[in-house]
Visitor: 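Sharing a structure with you now.
Ligands are counted one by one from 1 in listed order, and the atoms in each one are counted from 1 as well.
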Amino acid sequence: MVSNRLNPRSFVLASYLLTFLSCEPGGGQTLTDNSYPYGNPVITHLYTADAAPRVMPDGNVWMVTSVDSELGGGYSTMHSYHTFSSADMVNWTDHGEILNLSDLDEPEGEDWALWAPDMIYAKGSYYLYFPIRVIMPDKKVKSWIAVAQSDSPDKRFKVISNRIEGTSGIDPAIFCDDDGRYYLYWGSRKVARLNEDMITLAENPRFLELGVNNFMEASWMHKRKGIYYFNYHTRYDKPVSPDNPDDINREKSQLDYCTGDSPYGPMKYAGVLNYELGVNIKNGPVYPGREYVPWRLTQSNHGGVVEFHGQDYLFYHNSALSSWRQDKFKEEGTWTQRSVCIDKIFYNDDGTIIPVRQTVEGVSEVRVTQPFEINIKDEAGTLIAGKYIQFRNIDLGSGYYYFSLEASGVSQAGKVEIRTDQPDGKLLGTVHINGNGLVECSLREAQGKHDIYLVPDAGFTVSRVRFFAGLPLDQKSP
Ligand code: FUB
């Protein structure tokens, strides 16, 4: 698109650099100073951005984040990823660096940075999808999506694909549908299904039709009650003015969302998920002489959505911590280091989202009191294509996130659907069976008391059929 507008990123970066060069170091606080008085952001010993939250098989919420350098340098000095986990959404453990630029083969003369990642669990392994943003010697900018793998989300990841063929662009996000298929979203609202190997595209990328023309970056797809929700960072112009932060002529830096009934769209524009950062926050430290918080004037917005025991949460980032550390705000439109925040998402009865109320308090602790796993069948039994097995009155409590079974006597690949209340009832997830052994799938909205139906499309012998990740492992009674 030809535009005479300022490129928002160049503007923000330029003003950041000016600010960085002209200001004295922070106003007395340090990152190890634990007196930061608010619940948001949730990580205060490191600058974190671009959080991608997922419930993992241990029952905890995990997030992988980009890291903003404490020394500044903006988007160019983002060189690593960290993972964090929490059993309750409030207390977070830093599992350290899982990948660094030094783990990659950066050619001489090129300037690489690591931007917004995603991390998922699939088929017994952890996959990190990440964009490499490169400034070439001729100053041209390129980017693409790479993949790293690990057997644990707290261990070093190893690069298994330097580039997913067919990708260029940033901000990869994975969506697993109830049929067990994985989709990659990235760049300028591209989408393609992933192959079984999780590192190649199964089809030519398509553009997700949004019904609106304000997409900039930061794709994220989630699904609730059969509706697909795609959220993204809007294209914006002009920095927020300290004198007129709500200028109606300015295209806003917010997260908007669209809804549809397929992972490929077409979607329809549905509204705002997250207003510009700091909007409506009245009880944080204010911008000197004004009524709003300093980070109201920063502009990078990036969202990730996760459901945890019946509540949806938005993970996003703001500059509350770096603003607080610097004691006073330096310039309007300044890009300061970002930090991950969490607030709740609420829906109207028709499925539309009420824009998130950003808070400095953050969310309250989640308490879960149910077993980590439910075994619904230990001994071997036969599933027959065209028939189903029913398990009566299974209590899935406030949520189970994974399902597994041991398959044997497999002569033909196939799948087993996990449904509730009727053989063609609500689909919670699908395991794909390609041979003998343990198979798993993730579940969506596996909550409450239900009759459970296993519906196969081929014949299998199955044992050790269970739901798990109902309670974080570290809260499990001995
Ligand atoms: O953090 C680097 C870039 O800024 C991300 O890739 C974008 O989504 C924005 O958050």
Visitor: Counting only nitrogen or oxygen atoms and a 3.5 angstrom limit, does His302 reach ligand 1?
Guide: yes
Visitor: Taking the inter-plane angle between the rings of Tyr36 and Trp324 on a 0 to 90° scale, is it parallel (under 30°), tilted (30 to 60°) or perpendicular (over 60°)?
Guide: perpendicular
Visitor: May I ask whether Ala49 has any heavy atom positioned less than 4.0 angstrom from an atom of ligand 1?
Guide: no
Visitor: Considering the options Asp179, Asp178, Asp177, which one meets the salt bridge (Lys or Arg N to Asp or Glu O under 4.0 Å) requirement together with Arg181?
Guide: Asp179
Visitor: Taking both backbone and side-chain atoms of Arg338, is any N or O found less than 3.5 Å from an N or O belonging to ligand 1?
Guide: yes
Visitor: Tell me which one of Asp50, Ile170, Asp68 gets a heavy atom nearest to atom 1 (O) of ligand 1.
Guide: Asp50
Visitor: What's the shortest heavy-atom distance between Ala146 and Ile132, and which atoms?
Guide: CB-CD1, 4.0 Å
Visitor: Using heavy atoms and a 4.0 Å limit, tell me yes or no: is His233 in contact with ligand 1?
Guide: no
Visitor: Closer than 4.0 Å to some heavy atom of Ser300 - which atoms of ligand 1 meet that?
Guide: 9 (C), 10 (O)
Visitor: Give the minimum heavy-atom separation between Val61 and Trp92, together with the two atoms involved.
Guide: O-CZ3, 3.7 Å
Visitor: Going by the order shown, which atoms of ligand 1 are within less than 4.0 Å of some heavy atom of Ala116?
Guide: 5 (C), 6 (O)
Visitor: Out of Trp62, Tyr126, Tyr81, which residue meets the ring-ring contact (aromatic ring centres under 6.0 Å, His included) rule with His95?
Guide: Trp62
Visitor: Have a look at Met216, Glu217, Arg133 and point out the one with the heavy atom closest to atom 7 (C) of ligand 1.
Guide: Glu217
Visitor: Should the ring pair Tyr129 and Tyr127 be called parallel, tilted or perpendicular, given that the plane angle runs from 0 to 90° and is split at 30 and 60?
Guide: tilted
Visitor: Does atom CD of Glu365 have more than 12 heavy-atom neighbours from other groups under 6.0 Å away?
Guide: yes
Visitor: Within ligand 1, which atoms have a heavy atom of Asp171 less than 4.0 Å away?
Guide: 5 (C), 6 (O), 7 (C), 8 (O)
Visitor: N/O to N/O below 3.5 Å, does that happen between Trp115 and ligand 1?
Guide: no
Visitor: Would you mind listing which atoms of ligand 1 come within a distance below 4.0 Å of any non-hydrogen atom of Met78?
Guide: 1 (O), 2 (C)
Visitor: State, to 0.1 Å, how close Ile98 and Asp154 come at their nearest heavy-atom pair, and which atoms those are.
Guide: CG2-C, 4.5 Å
